[in-house]
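The next block holds one structure in the form of structure tokens; read it before the comments.
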Amino acid sequence: MNNRGKDKTAWMRLLPFLQWAPMVNGRTLHADALAGLTNAIIVLPQGVAYALIAGLPPEFGLYAAIIPAIIAALFGSSWHLISGPTAALSIVVFTTISPLASPGSAEFIRLALTLTLLAGLFQLALATARLGVLVNFVSHSVVLGFTAGAALVIGSSQLQNVFGLAVPTDGSVADQWWQWLQHLPETHLPSLAVALVSLLGCVLIKRFRPRWPNMLLALVLASLLARVLDPGGERIALVGAIPAALPPFSLPDLSFGALSALGPGALAIGLLGLVEAVSIARAVASRSHQRLDGNQEFVGQGLSNVVGTFFSCYVSSGSFTRTGVNYTSGARTPLAAIFAGFWLLLILLLFSELTAWLPMPAMAGLLLVVAWNLIDFHHIRLIVQAGKSEAAVLLTTFFATLFVAMEFAIYAGVLLSLVFYLKRTSTPRIVSILPDPDAKHPVFVSAEQRRLPYCPQLRIIRIEGSLFFGAVNHVQEYLQSIREPRLLIVGSGINFVDIVGAEMLVQEAQRRRAEGGELYFSNLKEGVSRFLARNNLLEEIGEDHVFPNKGRAIHHIYDRLDPAVCKTCTARIFRECHIAPPGELPSPEEVIARQPA
């Protein structure tokens, strides 16, 4: 590649929107503009609802749906992903900051901006170090358990708004339910009616008119009912007017106390945000047949949060609802997300006073729908049926979300996932294999499954897993339990060997040699062979004990077996057994030609 080509590649990596800019034409502009308008209408009630979940003034949800969507579209890699506030991240913001400041206060807002900045910087750090693989450690079970728990937390927090109650609680799920049950007879029936109309309207419109903006229409119906039941707006709580202004410039709290208090939560939010964004982007890319750059998506998400911090935006990620609507609405390029941001800004400037008449019970009804949709019953059922370990991870994350700090619920789920992973990798499967006596061509099969007789002088095993420090004890105990004097280890399933695993193999070779036996290897992968040779461990094992394939290994080992034992053996397992006794074999070519590679 010449210098001009390298410069072009560097510019496209730095400014990724240059890659899709040539796709823009009159047809895509029209499609993207319409998709963006649909998105702006849908996110209007959604953004307000999410801001209320996060404990922030309603306008902050709309700010977070404007700036991050534009930045992520310009610097991400997905054609259809739209960033903005999400229910899961909103509840983590609330639970992280509420112990430090009163929700809705100026201090709470500053801490929310600080949390957003830290999460964005963490995401950019992962992108810079190209550590996108870390997202894979947040398993699907963790995400499902966390979102189900967050759904219950969201639903519990809205019980008072649905029933028109005003009862102080300590913020825990248990206390919220207890207080609700205690004061249930005090239910404000007009508020309950408004909430039910909002909830049922949202569900029914989605069911019978899926292309209509169900949340927006349900909110309009509920607001009209509230206007009829309470014309003066005195008995049913209202959201209040949103300032008709551009997202204002803001500064986070960068004091040492704020940074140290919010650090753990920022790590969890940053990781969860990346998991959400990448998962949604991959799901849509599988339909649009787009090739994603995961690390570039990290850059887009990190920059959207860092830049958004200074424009009064709280933490954002990929929005499943907005992204799905964007794709089904016919969006062609990321310009649709930019259009969505500008359309929403226009609506905010021209029609912000309409939010003054939005009833809180109506918003609560929408949030109950949001909470219900967060619970993925289908995949939860599949995971519970799949196995105990994944079910344990899901349940642990779910209950931790309910009863401990929400950001630590993610850590608990990830930690338990790693524990089960290490447990599996520390006990690699070891299979005894032998030639299949019924096969026309040399094929090795499991001796246990076929119940084949063993050779009294040679055992052949295949280790299916890496030999690292965590697996050494398990493998060593198995090797020492093998009574045959000669052992051939087929290494085609060994992907990695560390120094502890290599030393264990040397010790086993020395032990067998001292007892009159030998340890052999075949089919070692190049990386494993190179590691053993680099550390001079092949010399200690014996370079003449390592073979490129099973055929050569068996031919070499058979010729060194005890002929007296072979005379009394009736198993006749190997082809060499039918040719000549040990020590009297013909040329290797005649035998090896019939052995498997």
Side-chain angles (χ1 to χ4, degrees), residues 42-69 72 82-105 108-120 143 146-159 161 171 173 176 215 239 242 262 265-266 268-277 280 301 304-305 308-309 312-323 360 363-375 401-402 405-407 409-410:
I42 285 176
V43 82
L44 184 62
Q46 191 184 67
V48 172
Y50 290 162
L52 296 178
I53 293 176
L56 292 164
E59 62 267 22
F60 280 77
L62 301 181
Y63 297 157
I66 296 173
I67 304 299
I82 297 187
S83 289
T86 69
L89 290 181
S90 297
I91 192 64
V92 180
V93 169
F94 177 79
T95 56
T96 302
I97 305 175
S98 56
L100 306 176
S102 176
S105 65
F108 189 96
I109 293 172
R110 282 197 298 273
L111 292 177
L113 297 177
T114 304
L115 188 65
T116 303
L117 177 63
L118 291 176
V143 175
F146 173 78
T147 52
L152 188 55
V153 173
I154 292 170
S156 302
S157 69
Q158 297 305 312
L159 287 175
N161 290 330
V173 171
Q176 286 170 346
M215 294 183 74
V239 172
I242 294 176
L262 298 176
I269 286 175
L271 196 57
L272 179 62
L274 291 177
V275 171
E276 280 191 320
I280 294 168
Q301 293 300 313
S304 68
N305 281 317
T309 299
S312 303
C313 304
Y314 77 98
V315 66
S316 67
S317 179
S319 169
F320 184 80
T321 302
R322 298 181 72 191
T323 302
M360 288 294 291
M363 299 303 301
L366 294 185
L367 292 177
L368 290 182
V369 176
V370 169
W372 180 262
N373 290 334
L374 278 176
I375 306 175
T401 303
L402 299 181
M406 195 166 286
E407 64 271 19
I410 301 171

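Side chains are part of it too, since the values below use all heavy atoms of this structure and drop only hydrogens, waters and symmetry mates.
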**Message:** Looking at A65, is its backbone amide N or carbonyl O close enough to the side chain of R322 to form a donor-acceptor pair, meaning the two atoms are under 3.5 Å apart?
**Reply:** yes
**Prompt:** Where is the tightest heavy-atom contact between S157 and Q176, given as atom of each residue plus distance?
**Reply:** N-OE1, 3.5 Å
**Item:** Side chains of F94 and V153 in contact at under 4.5 Å (non-hydrogen atoms)
**Value:** no
**Message:** Testing the basics here: between A88 and I91, what is the closest heavy-atom pair and its distance to 0.1 Å?
**Reply:** O-CG2, 3.0 Å
**Euclidean distance, N305 CG relative to L274 CG, rounded to 0.5 Å** = 9.0 Å
**Request:** List the atom of A148, the atom of I375, and the distance in Å for their closest heavy-atom pair.
**Result:** CA-CG1, 4.2 Å
**Asked** What are the two closest non-hydrogen atoms of Q301 and S317, and how far apart are they?
**Response** OE1-CA, 3.4 Å
**Nearest non-hydrogen partners of I269 and A119, listed with the distance** = CG2-CB, 4.1 Å
Please set out all donor-acceptor pairs under 3.5 angstrom arising from side-chain atoms of residues 43-64, sequence neighbours excluded.
none

**From OG (S316) to CD1 (I82), nearest 0.5 Å** = 12.0 Å
**side chain to side chain contact (heavy atoms under 4.5 Å, CB included) partner of V93, chosen from L115, T116, L111** = L115
**OG-CD1 distance between S312 and I109, expressed to the nearest 0.5 angstrom** = 8.0 Å
**Request:** Quick one: pull up CD1 in I67 and OG in S304 and give me the separation to the nearest 0.5 Å.
**Result:** 11.0 Å
**Asked** Minimum heavy-atom separation for G155 to A371, with atom names?
**Response** N-CB, 4.1 Å
**Prompt:** Roughly how far, to the nearest 0.5 Å, is CE of M363 from CG of N161?
**Reply:** 10.0 Å
**Message:** With rounding to the nearest 0.5 angstrom, report the CG to CG distance, N373 to L368.
**Reply:** 11.0 Å
